[in-house]
Amino acid sequence: MKSIIKNISLPVLMLAALPLFTACSDDKEFGETLFPTEQTDYESAKVYIQENVAAQQNSASNIIITPLGYTLPTDHFEFYVNLSKIADEDITVTVQPDAAIAELNKGDYKVMSADAFQMERNTVVIKKGERKSEEPVLVSLKDNDAAKAFQDGDKCKMSFTIKEVSGKAKASSNLNKISWYFIYKANNIKDVGSIEGKTEKYVGDDDFSIYNYRTGRPCTSKLTNGYYYEYDITRGGTEGWRIQFKEAQPVSAIAVYPGYYRSFIYGVSDYLVYTSDDEENWREVGTVHSPYNINEVDQTKPVIAEFYAPITAKFIKIKPLETYYGFDKYSNCMVSEIELFK
């Protein structure tokens with residue numbers, strides 16, 4: 001008996017396993033090969049745009065509003081379109097602004113009109129054998145009413161989507177947009193400031209005091225004594241210097257002189273100006289950029305914030321943004337004198 005069971009056990013086991021193999025084979029689609037092979041058709045080839053929302057928001061373009069009008073960015077917004085696999089033919093892709101897409105998940109951003117944008121290059125080609133367009137899509141901002149329809153503090157956006165794809169490829173359904181972000185900022189500071197003809201200045205200690213946020217100490221006498229080779233220093237990651245009047249005063253211009261330590265490379269070249277009435281709520285007035293390079297600057301060439309209209313405040317903050325050497329949160333930022341003009 002034992003020998004009979006032993007002889008039939010193998011065939012029986014194979015028959016018993018047959019339904020298991022059959023069940024497994026039912027999981028495969030009809031016509032699908034057992035082992036994966038490279039696709040040769042374009043049914044799954046998708047054209048897409050790679051978007052990094054956080055990075056694009058952090059690099060938003062500024063639109064500056066001054067009493068003279070709007071200053072629009074002159075650079076281009078550019079991006080490439082991609083293919084999910086290597087192209088076996090040239091694929092032409094057309095991109096257009098899409099306000100409806102921009103409205104989706106817009107958060108606290110306002111959507112701009114498509115009329116504000118010029119598509120400098122909206123048709124690009126993914127060449128055979130490639131997975132990325134040969135050239136980027138190029139978009140610029142028009143100098144028109146649509147681009148100037150927003151006010152100080154507004155955050156805006158416009159999205160761009162794939163509209164047409166040639167050949168067998170198709171536009172991706174979920175990677176089909178990229179957005180250009182903007183921040184509208186008021187700037188009451190002239191592009192090129194001057195103190196020529198301004199003779200009335202406030203007097204340090206008598207009229208105002210200066211405080212260094214990094215050291216936590218006053219530095220009024222050091223920065224108002226007329227000696228341009230003595231400096232006060234802060235770091236790039238700090239708030240800089242706070243000026244305090246005894247009561248709110250009008251200021252028509254500020255002159256910040258570079259600090260000197262063997263050279264002027266650590267002198268503050270660019271800075272932000274803020275005002276406040278209570279030292280808690282600060283208003284950004286604008287940004288100042290030095291008209292000089294490191295080979296031109298000396299102790300007689302301050303970086304001047306001249307205001308279109310005088311600012312009136314009890315507190316003024318000067319926050320360094322750049323030195324003649326470079327800038328990061330560890331950078332030495334030096335000034336030798338700060339002058340305030342009535």
Side-chain angles (χ1 to χ4, degrees), residues 20-61 73 75-107 109-142 146-147 155-182:
L20 178 62
F21 289 124
T22 304
C24 292
S25 66
D26 286 343
D27 292 338
K28 303 294 288 181
E29 293 293 331
F30 179 76
E32 186 173 355
T33 56
L34 181 60
F35 299 101
T37 58
E38 184 177 358
Q39 293 178 327
T40 57
D41 65 284
Y42 264 83
E43 291 301 315
S44 62
K46 306 296 183 186
V47 179
Y48 67 94
I49 301 172
Q50 191 69 46
E51 180 176 43
N52 186 330
V53 174
Q56 286 153 216
Q57 290 177 344
N58 290 335
S59 59
S61 298
D75 55 334
H76 290 91
F77 181 59
E78 62 178 65
F79 56 91
Y80 289 85
V81 295
N82 306 276
L83 192 65
S84 61
K85 59 183 292 185
I86 295 174
D88 66 358
E89 62 178 341
D90 287 356
I91 300 172
T92 301
V93 183
T94 301
V95 177
Q96 293 291 353
D98 194 325
I101 292 295
E103 287 284 351
L104 302 176
N105 302 316
K106 67 178 182 179
Y109 285 84
K110 298 180 179 180
V111 176
M112 302 171 72
S113 168
D115 293 338
F117 298 92
Q118 178 67 45
M119 301 301 296
E120 305 285 354
R121 181 190 298 129
N122 72 323
T123 299
V124 294
V125 177
I126 302 174
K127 290 288 190 180
K128 181 178 178 179
E130 302 294 335
R131 294 187 59 177
K132 186 172 78 171
S133 58
E134 186 176 32
E135 296 179 303
V137 175
L138 291 180
V139 189
S140 62
L141 196 63
K142 294 180 181 178
K155 297 193 297 182
C156 303
K157 64 179 285 192
M158 172 52 71
S159 295
F160 302 88
T161 59
I162 299 169
K163 292 301 181 184
E164 294 180 9
V165 178
S166 71
K168 300 174 184 177
K170 297 179 181 178
S172 170
S173 59
N174 60 349
L175 292 174
N176 187 19
K177 76 174 181 68
I178 192 168
S179 298
W180 190 1
Y181 294 87
F182 300 87

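The first residue in the sequence is number 1, and the count goes up from there.
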Participant: Looking at every heavy atom in both L83 and V47, which two are closest together, and how far apart are they?
Facilitator: CD1-CG2, 3.7 Å
Participant: Looking only at side-chain N and O atoms, does T92 offer a donor or acceptor that is under 3.5 Å from a partner on D90?
Facilitator: no
Participant: Do you know which two heavy atoms are closest between I162 and A171, and how far apart they sit?
Facilitator: CG2-CB, 3.8 Å
Participant: Taking side chain to side chain donor-acceptor pair (under 3.5 Å) as the test, write out the residues that go with S166, two or more places apart.
Facilitator: none
Participant: Taking only residues two or more places apart in sequence or in another chain, which ones pass salt bridge (charged side-chain N to carboxylate O under 4.0 Å, His left out) with R131?
Facilitator: none
Participant: Taking only residues two or more places apart in sequence, or in another chain, which ones meet D98 in a side-chain contact (heavy atoms from CB on, under 4.5 Å)?
Facilitator: A100, I101, T161, K163
Participant: Quick check: closest heavy atoms across A87 and K127, and the distance to 0.1 Å?
Facilitator: CB-O, 3.7 Å
Participant: Give the intermediate values and the outcome of side-chain contact (heavy atoms from CB on, under 4.5 Å) for residues Y48 and N176.
Facilitator: CA-CA 5 Å; Y48 67 94; N176 187 19; over 6 Å; no
Participant: Apply the test side-chain contact (heavy atoms from CB on, under 4.5 Å) to residues V137 and R121: give CA-CA distance (whole Å), side-chain angles for both, the deciding distance (0.1 Å), then the verdict.
Facilitator: CA-CA 5 Å; V137 175; R121 181 190 298 129; 5.8 Å; no
Participant: CD of E164: more than 12 outside heavy atoms within 6.0 angstrom?
Facilitator: no
Participant: Please name all residues satisfying side-chain contact (heavy atoms from CB on, under 4.5 Å) with A146, sequence neighbours left out, ordered by chain then number.
Facilitator: S113, D115, A116, N144
Participant: If I take atom OG from residue S59 and atom CD from residue Q57, how far apart are they, to the nearest 0.5 angstrom?
Facilitator: 9.5 Å
Participant: Rounded to the nearest 0.5 Å, what separation is found between the CG atom of N82 and the NZ atom of K46?
Facilitator: 15.0 Å
Participant: Is any side-chain heavy atom of K155 closer than 4.5 Å to a side-chain heavy atom of K110?
Facilitator: no
Participant: By salt bridge (charged side-chain N to carboxylate O under 4.0 Å, His left out), which residues pair with E130, not counting sequence neighbours?
Facilitator: none
Participant: Which residues pass the ring pair (Phe, Tyr, Trp, His ring centres under 6.0 Å) test with Y109, sequence neighbours left out?
Facilitator: Y181
Participant: Determine the minimum heavy-atom distance between M119 and P97, stating which atoms define it.
Facilitator: SD-CD, 3.7 Å
Participant: Can you classify the ring geometry of F117 versus F160 as parallel (below 30°), tilted (30 to 60°) or perpendicular (above 60°)?
Facilitator: perpendicular
Participant: Who passes salt bridge (charged side-chain N to carboxylate O under 4.0 Å, His left out) against K128, sequence neighbours left out?
Facilitator: none
Participant: Mind checking what makes side-chain contact (heavy atoms from CB on, under 4.5 Å) contact with N52, not counting sequence neighbours?
Facilitator: A54, A55, Q56
Participant: Listed by chain and number, what are the side-chain contact (heavy atoms from CB on, under 4.5 Å) partners of S140, not counting sequence neighbours?
Facilitator: H76, Q118, E120
Participant: What pair of heavy atoms forms the shortest contact from M112 to L141, and how long is it?
Facilitator: CE-CD1, 4.1 Å
Participant: Considering residues at least two apart in sequence or located in another chain, which fulfil the side chain to side chain donor-acceptor pair (under 3.5 Å) criterion with S159?
Facilitator: S179
Participant: N122 and Q96: side-chain contact (heavy atoms from CB on, under 4.5 Å), yes or no, with the steps?
Facilitator: CA-CA 7 Å; N122 72 323; Q96 293 291 353; 2.8 Å; yes
Participant: So, for I91 and A169, which heavy atoms are closest and what is the spacing to 0.1 Å?
Facilitator: CD1-CB, 3.9 Å
Participant: So how far is it from W180 CH2 to C156 SG, rounded to the nearest 0.5 Å?
Facilitator: 12.5 Å
Participant: Output all residues satisfying ring pair (Phe, Tyr, Trp, His ring centres under 6.0 Å) with F79, sequence neighbours left out; order by chain, then residue number.
Facilitator: F77
Participant: Not counting sequence neighbours, which residues clear salt bridge (charged side-chain N to carboxylate O under 4.0 Å, His left out) with K132? List them please.
Facilitator: none
Participant: To the closest 0.5 Å, what do you measure between CD (Q50) and CG (L175)?
Facilitator: 6.5 Å
Participant: Go through the steps to decide whether K168 and E89 satisfy the test side-chain contact (heavy atoms from CB on, under 4.5 Å), and finish with yes or no.
Facilitator: CA-CA 9 Å; K168 300 174 184 177; E89 62 178 341; 4.2 Å; yes
